Trainee: 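Can you read through this structure? Questions will come right after.
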Number of protein chains: 2
Amino acid sequence: MQGSPHILIVDDHREIRDLVARALAKENFRVSAAADGRAMRKVLSDSRIDLILLDLMLPGEDGLALCRSLRAESNIPIIMLTAKGEEVDRVIGLEMGADDYLPKPFGSRELVARIKAVLRRMPGGAAAAPARAKRYRFDRWALDTGARELLRDDGVTVPLSTGEYDLLIALVERPQRVLSRDQLLDLARGRSANAIDRSIDTQVSRLRKKLERDPGDPKIIKTVWGGGYVFAPDVGAE
Amino acid sequence: MQGSPHILIVDDHREIRDLVARALAKENFRVSAAADGRAMRKVLSDSRIDLILLDLMLPGEDGLALCRSLRAESNIPIIMLTAKGEEVDRVIGLEMGADDYLPKPFGSRELVARIKAVLRRMPGGAAAAPARAKRYRFDRWALDTGARELLRDDGVTVPLSTGEYDLLIALVERPQRVLSRDQLLDLARGRSANAIDRSIDTQVSRLRKKLERDPGDPKIIKTVWGGGYVFAPDVGAE
DNA sequence: CCGCGCCCGACACACTTTGTCACAAAAAAC
DNA sequence: GTTTTTTGTGACAAAGTGTGTCGGGCGCGG
């Protein structure tokens, strides 16, 4: 994990979201918020989240169901929040795969302490989430996430640096979506952008040089003027 | 065991985890904590644990079940902790394969004494009852954990030093996962890293020289810039 | 159609991280 | 106790990444 951890708070009460967001921002965490399961999934697909604070009681799909479905596809650490301070909930929460449990009302000091404790015991971090090796196909390329290799259809392996690989993964997993530099920086490097950050531009340039037929007229990573970049080709996953 | 022993406390009560962690840290043990079976397995797969303190009563999978499943795949010493001071539990616990048994409440002095006692009778013990010999296969290699030998598919045996072997095992058992130098040092050497520790780098370099076709362009042990190393190939166990 | 301001591509350079070698320290073998 | 092997450390080279600059392209308003 390079930058400061990115925490997602999922709670339907605006006051709680704001409160938690302020408390965490003060501790130098990056914070996003979502009011329900749908918003949560949106945030998860738009940015790289290191830890989720999940309210047990939510409108629509409730916290436990969300927790279970999150666990099915990733291993982002989860801390459950709940109003009912009953032991039963704690047990249920931990069984669903939550990493810790915090009864409301809680002080910001305690919240921060729990978050740090949970993050500390996640050595690989959330970045290690896709435990399963995949192979993506696009254009004339195949990207193997297990071996971290980029293969051209003529069989040649093109070496990618770590940064190029991370950026390419972020793009390939979100094809045909405009991604801002800020998002890409978050997804690929786990940090947020400084005012005059051009590092993504440079990295895109280097990537294009490796995978475009004509880097001067890119067909794969296209520029959206004033917006960011789009991964243009269709991606087939295996 | 090279560095200070690494103890894992598994208990769902945070107060107990903290208490025990403090007591052990004071005695110069390294300590990790887990709230349930899932967290326990995560810690076990991320670091090298010398002894487990296991609470009998846990949410989800309970202590006895965990103890039994641990015994099935390793022989890490286990001390069972339990609130019920009944003799029955002791018998059951020891039958399940626990190495000792400590009724709550216990003083930190007694805890430390028991731990040291169990660890003292390990050195021969752990080596004397090694986990079943396995044979890992990857790329064009086979790694035999019984004979501690590395065999190339043309039949040649490549000699590995103890350190090279330990490092390779740490990597082979966690394929396609990014492992930090700190983790590798813990897994392979049982100690934690100093600020400017480069010993893992040299050891990786030596390993590559032995098992990569082209050590200058490694396909097996890959570098993650700013992150650590990844064991890239698929590993088949036998 | 033209000029202006802003955004992006490319390159050079500084800085950080990693590879590797030689050598010393430590451990193991003899 | 000596020799041999292995492991850690320091130094330097190589690679990867981010920042600054320059110049060209894009959108916008006239």
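Naming: A, B, ... by sequence-line order, numbering from 1 per chain. Note that this is a predicted model, so its numbers are computed, not measured.
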Trainee: Assign each of L185(A) and S199(B) to its nearest nucleotide of DNA chain D by heavy atoms, then name whichever residue's nucleotide is nearer the 5' end.
Mentor: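 Whichever sits nearer the 5' end wins; that is S199(B).
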Trainee: Decide salt bridge (Lys or Arg N to Asp or Glu O under 4.0 Å) for D186(B) and R48(B); before the verdict, give the C-alpha distance in whole Å, the side-chain angles of both, and the deciding distance to 0.1 Å.
Mentor: CA-CA 6 Å; D186(B) 178 32; R48(B) 196 194 89 168; 5.7 Å; no
Trainee: Can a donor-acceptor pair be found, under 3.5 Å and without considering hydrogens, that links the side chain of D182(A) to the backbone of A193(A)?
Mentor: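 Yes: the side chain of D182(A) pairs with the backbone of A193(A).
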Trainee: Are the side chain of E212(A) and the backbone of D217(A) linked by a donor-acceptor contact shorter than 3.5 Å?
Mentor: no
Trainee: Is any NZ, NE, NH1 or NH2 atom of the basic residue among D100(A) and R14(B) found under 4.0 Å from an Asp or Glu carboxylate oxygen of the other?
Mentor: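 Judged by the 4.0 Å cut-off on N to carboxylate O distance, D100(A) and R14(B) do not form a salt bridge.
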Trainee: In this structure, how many angstroms lie between the C1' atom of dG19(C) and the NZ atom of K222(B), rounded?
Mentor: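 The answer, rounded to whole Å, is 17 Å.
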Trainee: Which is more 5' along DNA chain C, the nucleotide nearest V204(A) or the one nearest K209(B)? Just name the residue.
Mentor: V204(A)
Trainee: For R114(A), is there an ion pair with D99(A) - N to carboxylate O distance below 4.0 angstrom?
Mentor: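 Salt bridge: no.
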Trainee: Checking the side chain of R140(B) only, and the main-chain atoms of R152(B) only, is there a donor and an acceptor separated by less than 3.5 Å?
Mentor: no
Trainee: If you look at every strand shown and take non-hydrogen atoms under 4.0 Å, does S161(B) touch a base, only sugar-phosphate, or nothing?
Mentor: sugar-phosphate
Trainee: Under 4.0 Å: is that the gap between some side-chain N or O of S205(A) and OP1 or OP2 of dA10(C)?
Mentor: yes
Trainee: Look only at the side chain of R30(A) and the backbone of A25(A), and say whether a donor-acceptor pair between them is shorter than 3.5 Å.
Mentor: no
Trainee: What range of DNA chain D does chain A touch, first nucleotide to last, counting atoms under 4.0 Å from its heavy atoms?
Mentor: dG16(D) to dC26(D)
Trainee: Do S47(B) side-chain atoms and V43(B) backbone N/O form a donor-acceptor pair below 3.5 Å?
Mentor: yes
Trainee: Give the rounded distance in Å between these two atoms: CD1 of I196(B) and C1' of dT17(C).
Mentor: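 One finds 14 Å between C1' of dT17(C) and CD1 of I196(B), rounded.
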Trainee: In whole angstrom, what separates L207(A)'s CG from dA10(C)'s P?
Mentor: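 L207(A) atom CG is separated from dA10(C) atom P by 12 Å.
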Trainee: To the nearest 10 degrees, how far apart in direction are the end axes of the helix from dC1(C)-dG30(D) to dC30(C)-dG1(D), each fit to five base pairs?
Mentor: 30°
Trainee: Could you tell me the separation between the CG atom of D197(A) and the C1' atom of dG9(C), rounded to a whole number of Å?
Mentor: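 Taking CG of D197(A) and C1' of dG9(C), I get 16 Å after rounding.
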Trainee: Could you list all N or O pairs between the protein and nucleotides 6-8 of chain C that sit under 3.5 Å apart?
Mentor:
residue: dC8(C); atom: OP1; partner: R181(A); partner atom: NH1; Å: 3.4
residue: dC8(C); atom: OP1; partner: G226(A); partner atom: N; Å: 3.0
residue: dC8(C); atom: OP2; partner: R181(A); partner atom: NH1; Å: 3.4
residue: dC8(C); atom: OP2; partner: R181(A); partner atom: NH2; Å: 3.4
residue: dC8(C); atom: O5'; partner: R181(A); partner atom: NH2; Å: 3.2

Trainee: Under the side-chain contact (heavy atoms from CB on, under 4.5 Å) criterion, do L167(B) and L171(B) qualify, and how do the steps go?
Mentor: CA-CA 6 Å; L167(B) 177 58; L171(B) 288 163; 4.2 Å; yes
Trainee: Name the nucleic acid region contacted by N194(A), choosing base, sugar-phosphate or nothing; use a 4.0 angstrom heavy-atom cut-off, strictly under.
Mentor: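 Sugar-phosphate only.
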Trainee: Starting at atom CZ of R206(A), determine the distance to atom C1' of dC13(C), rounded to an integer number of angstrom.
Mentor: 12 Å
Trainee: Counting N and O atoms only, with roles assigned by atom type, does the side chain of R181(B) sit under 3.5 Å from a partner on the main chain of R198(B), one being a donor and the other an acceptor?
Mentor: no
Trainee: In whole angstrom, give the distance that lies between atom CD1 of I200(B) and atom P of dT17(C).
Mentor: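 After rounding, the reported distance stands at 18 Å.
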Trainee: Using salt bridge (Lys or Arg N to Asp or Glu O under 4.0 Å), reason through R191(B) and D197(B) one step at a time and then give a plain yes or no.
Mentor: CA-CA 11 Å; R191(B) 60 184 177 82; D197(B) 204 324; 3.3 Å; yes
